[in-house]
Amino acid sequence: FITCHDGFSLNDLYSYNHKHNEANGWDNTDRPSAGGIVGATEADIEYCVNTGTVTSTNASEYSAVGGIAGAMSGNLRNSYHAGVVRVVDTQGETLVTAQGSIGGLIGVAPILSWSGIQPEYIEIENCAVLGTYEGTPTVAGAFVGSVENPVIIKTSYAMTVPTQGQ
(Lines give C-alpha, C1' and ligand atoms only; values in the text may rest on other atoms or scores of the structure.)
Protein backbone atom coordinates (compact mmCIF):
# COMPACT_ATOMS: atom_id res chain seq x y z
CA PHE A 1 0.00 0.00 0.00
CA ILE A 2 1.06 3.60 -0.52
CA THR A 3 1.76 5.42 2.74
CA CYS A 4 3.23 8.66 1.49
CA HIS A 5 1.53 11.40 -0.47
CA ASP A 6 3.34 14.54 -1.54
CA GLY A 7 0.85 15.98 -3.96
CA PHE A 8 0.94 13.16 -6.51
CA SER A 9 -2.31 11.75 -7.81
CA LEU A 10 -2.25 7.99 -8.38
CA ASN A 11 -1.85 8.65 -12.11
CA ASP A 12 1.09 11.00 -11.44
CA LEU A 13 2.70 8.39 -9.22
CA TYR A 14 3.34 6.00 -12.09
CA SER A 15 3.43 8.50 -14.98
CA TYR A 16 5.89 11.19 -13.86
CA ASN A 17 9.07 11.67 -11.84
CA HIS A 18 7.82 14.98 -10.39
CA LYS A 19 4.48 16.37 -9.26
CA HIS A 20 2.27 17.04 -12.26
CA ASN A 21 -1.14 17.60 -10.67
CA GLU A 22 -2.14 21.07 -11.79
CA ALA A 23 -5.77 19.93 -12.01
CA ASN A 24 -6.25 19.99 -8.24
CA GLY A 25 -5.87 23.78 -8.18
CA TRP A 26 -2.88 23.87 -5.83
CA ASP A 27 -0.39 24.62 -8.62
CA ASN A 28 1.87 21.80 -7.37
CA THR A 29 2.36 23.44 -3.96
CA ASP A 30 0.66 20.66 -1.97
CA ARG A 31 1.98 20.11 1.55
CA PRO A 32 4.35 17.13 1.61
CA SER A 33 2.85 14.62 4.00
CA ALA A 34 3.27 11.02 5.13
CA GLY A 35 0.94 8.86 7.19
CA GLY A 36 0.58 5.21 8.11
CA ILE A 37 -2.88 5.00 6.54
CA VAL A 38 -3.01 8.04 4.25
CA GLY A 39 -0.76 10.98 3.42
CA ALA A 40 -3.47 13.64 3.17
CA THR A 41 -7.25 13.42 3.16
CA GLU A 42 -10.44 15.41 3.58
CA ALA A 43 -12.38 12.25 4.46
CA ASP A 44 -13.28 10.81 7.84
CA ILE A 45 -11.16 7.86 8.96
CA GLU A 46 -12.70 5.15 11.15
CA TYR A 47 -11.61 1.76 12.49
CA CYS A 48 -8.00 1.96 11.28
CA VAL A 49 -4.85 0.63 12.91
CA ASN A 50 -1.21 1.26 12.05
CA THR A 51 1.44 -0.72 13.90
CA GLY A 52 4.22 0.00 11.42
CA THR A 53 6.85 2.71 11.10
CA VAL A 54 6.07 5.90 9.19
CA THR A 55 9.28 7.38 7.80
CA SER A 56 9.50 10.70 6.01
CA THR A 57 12.58 12.00 4.22
CA ASN A 58 11.06 15.44 3.78
CA ALA A 59 12.02 17.79 6.61
CA SER A 60 10.66 20.98 5.05
CA GLU A 61 8.83 23.54 7.15
CA TYR A 62 5.55 22.50 5.53
CA SER A 63 5.90 18.73 5.95
CA ALA A 64 3.36 16.83 8.00
CA VAL A 65 3.96 13.32 9.36
CA GLY A 66 1.50 11.28 11.43
CA GLY A 67 0.93 7.73 12.59
CA ILE A 68 -2.47 7.59 10.83
CA ALA A 69 -2.52 10.65 8.53
CA GLY A 70 0.05 13.25 7.57
CA ALA A 71 -2.59 15.94 7.11
CA MET A 72 -6.37 15.72 7.31
CA SER A 73 -9.53 17.77 7.57
CA GLY A 74 -11.95 14.93 8.37
CA ASN A 75 -12.76 13.30 11.69
CA LEU A 76 -10.77 10.40 13.15
CA ARG A 77 -12.62 7.77 15.18
CA ASN A 78 -12.01 4.33 16.69
CA SER A 79 -8.41 4.11 15.46
CA TYR A 80 -4.94 3.78 16.92
CA HIS A 81 -1.24 3.98 16.12
CA ALA A 82 1.25 1.70 17.85
CA GLY A 83 4.35 2.16 15.71
CA VAL A 84 7.07 4.77 15.19
CA VAL A 85 6.90 8.11 13.36
CA ARG A 86 10.29 9.38 12.23
CA VAL A 87 11.96 11.93 9.94
CA VAL A 88 15.31 10.95 8.43
CA ASP A 89 17.76 12.28 5.87
CA THR A 90 17.44 11.34 2.20
CA GLN A 91 19.66 8.27 2.72
CA GLY A 92 17.19 7.06 5.35
CA GLU A 93 19.87 6.75 8.02
CA THR A 94 20.21 9.83 10.21
CA LEU A 95 17.38 11.32 12.24
CA VAL A 96 17.06 14.97 11.38
CA THR A 97 15.48 18.08 12.81
CA ALA A 98 12.08 18.27 11.16
CA GLN A 99 10.93 21.77 10.28
CA GLY A 100 7.35 20.55 9.94
CA SER A 101 4.89 18.83 12.26
CA ILE A 102 4.88 15.33 13.71
CA GLY A 103 1.85 13.84 15.46
CA GLY A 104 1.15 10.44 16.96
CA LEU A 105 -2.10 10.30 14.97
CA ILE A 106 -2.13 13.34 12.62
CA GLY A 107 0.70 15.64 11.52
CA VAL A 108 -1.46 18.72 10.74
CA ALA A 109 -5.21 19.21 11.23
CA PRO A 110 -7.50 20.49 9.96
CA ILE A 111 -6.03 21.33 6.59
CA LEU A 112 -7.47 23.68 4.00
CA SER A 113 -9.42 21.42 1.68
CA TRP A 114 -8.85 21.19 -2.04
CA SER A 115 -12.17 22.96 -2.52
CA GLY A 116 -10.79 25.90 -0.52
CA ILE A 117 -12.95 25.23 2.55
CA GLN A 118 -11.40 24.67 5.96
CA PRO A 119 -13.60 22.90 8.51
CA GLU A 120 -14.49 24.80 11.67
CA TYR A 121 -13.09 21.92 13.73
CA ILE A 122 -12.40 18.19 13.57
CA GLU A 123 -12.99 15.48 16.16
CA ILE A 124 -10.69 12.73 17.38
CA GLU A 125 -12.79 10.19 19.28
CA ASN A 126 -12.04 6.78 20.82
CA CYS A 127 -8.45 6.84 19.55
CA ALA A 128 -5.12 5.83 21.07
CA VAL A 129 -1.45 6.53 20.54
CA LEU A 130 0.78 3.74 21.80
CA GLY A 131 3.76 4.50 19.59
CA THR A 132 6.53 7.06 19.62
CA TYR A 133 8.31 9.53 17.37
CA GLU A 134 12.00 9.78 16.63
CA GLY A 135 13.94 12.88 15.74
CA THR A 136 13.74 16.51 16.79
CA PRO A 137 10.58 18.02 15.33
CA THR A 138 9.89 21.74 15.43
CA VAL A 139 6.26 21.02 16.34
CA ALA A 140 5.08 17.73 17.85
CA GLY A 141 2.11 16.39 19.73
CA ALA A 142 0.89 13.06 21.06
CA PHE A 143 -2.31 13.31 19.00
CA VAL A 144 -1.75 16.15 16.50
CA GLY A 145 1.52 17.88 15.64
CA SER A 146 0.10 21.22 14.53
CA VAL A 147 -3.44 22.56 14.78
CA GLU A 148 -4.74 25.13 12.30
CA ASN A 149 -8.31 25.18 13.70
CA PRO A 150 -9.79 23.60 16.83
CA VAL A 151 -9.50 19.85 17.34
CA ILE A 152 -11.93 18.27 19.78
CA ILE A 153 -10.48 15.16 21.45
CA LYS A 154 -12.92 12.80 23.17
CA THR A 155 -12.36 9.52 25.05
CA SER A 156 -8.82 9.07 23.72
CA TYR A 157 -5.46 8.43 25.32
CA ALA A 158 -1.77 8.61 24.55
CA MET A 159 1.11 6.60 25.96
CA THR A 160 3.88 7.97 23.77
CA VAL A 161 7.51 8.63 24.57
CA PRO A 162 9.47 10.88 22.20
CA THR A 163 13.04 9.87 21.46
CA GLN A 164 15.77 12.06 20.01
CA GLY A 165 18.83 11.06 18.07
CA GLN A 166 20.22 7.57 17.71
Between [X] and [Y], what is the shortest heavy-atom contact and its length?
{"X": "Phe143", "Y": "Ser156", "answer": "CE2-CB, 3.8 Å"}
{"X": "Ala40", "Y": "Ser33", "answer": "CB-OG, 3.6 Å"}
{"X": "Pro150", "Y": "Glu120", "answer": "CD-O, 3.3 Å"}
{"X": "Ser56", "Y": "Val65", "answer": "CB-CG2, 3.6 Å"}
{"X": "Leu105", "Y": "Cys127", "answer": "CD1-CB, 3.9 Å"}

Linking directly or through intermediates, with side-chain heavy atoms under 4.5 Å: list the remaining ILVMFWY members grouped with Tyr121, chain and number order.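 Hydrophobic cluster check, Tyr121: joined to Ile152.
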Applying side-chain hydrogen bond (donor to acceptor under 3.5 Å, both in side chains), can you list everything that pairs with Asn126, at least two apart in sequence or on another chain?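 Once residues adjacent in sequence are excluded, the partners of Asn126 under the side-chain hydrogen bond (donor to acceptor under 3.5 Å, both in side chains) criterion are Asn78.
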I'd like to check the side-chain hydrogen bond (donor to acceptor under 3.5 Å, both in side chains) partners of Glu46; sequence neighbours left out, ordered by chain and number.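 Here no residue qualifies.
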Considering residues at least two apart in sequence or located in another chain, which fulfil the side-chain contact (heavy atoms from CB on, under 4.5 Å) criterion with Val84?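 Thr53, Arg86, Thr132, Glu134.
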Could I get the full list of side-chain contact (heavy atoms from CB on, under 4.5 Å) partners for Ser146, not counting sequence neighbours?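 Partners of Ser146 under the side-chain contact (heavy atoms from CB on, under 4.5 Å) test: Ser101, Val108, Val139.
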Side-chain contact test, heavy atoms from C-beta onward, threshold under 4.5 Å: evaluate it for Ile122 versus Ile106 and give yes or no.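 Touching, per the 4.5 Å side-chain cut-off.
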Is Tyr80 close to Ile68 at the side-chain level, that is, under 4.5 Å between some pair of heavy atoms?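 Side-chain contact under 4.5 Å: no.
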Quick one: does Thr41's side chain have a donor or acceptor within less than 3.5 Å of a partner on Met72's backbone?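 Pair absent, no side-chain N/O of Thr41 close to backbone of Met72.
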When rounded to the nearest 0.5 angstrom, what is the spacing between [atom1] in [X] and [atom2] in [Y]?
{"X": "Ile45", "Y": "Ile124", "atom1": "CD1", "atom2": "CD1", "result": "10.5 Å"}
{"X": "Ile37", "Y": "Cys48", "atom1": "CD1", "atom2": "SG", "result": "5.0 Å"}
{"X": "Ser73", "Y": "Asn149", "atom1": "OG", "atom2": "CG", "result": "10.5 Å"}

Taking salt bridge (Lys or Arg N to Asp or Glu O under 4.0 Å) as the cut-off, I'd like each qualifying pair that reaches into residues 122-131, sequence neighbours left out, listed once.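 Qualifying pairs: Arg77-Glu123, Arg77-Glu125, Glu123-Lys154.
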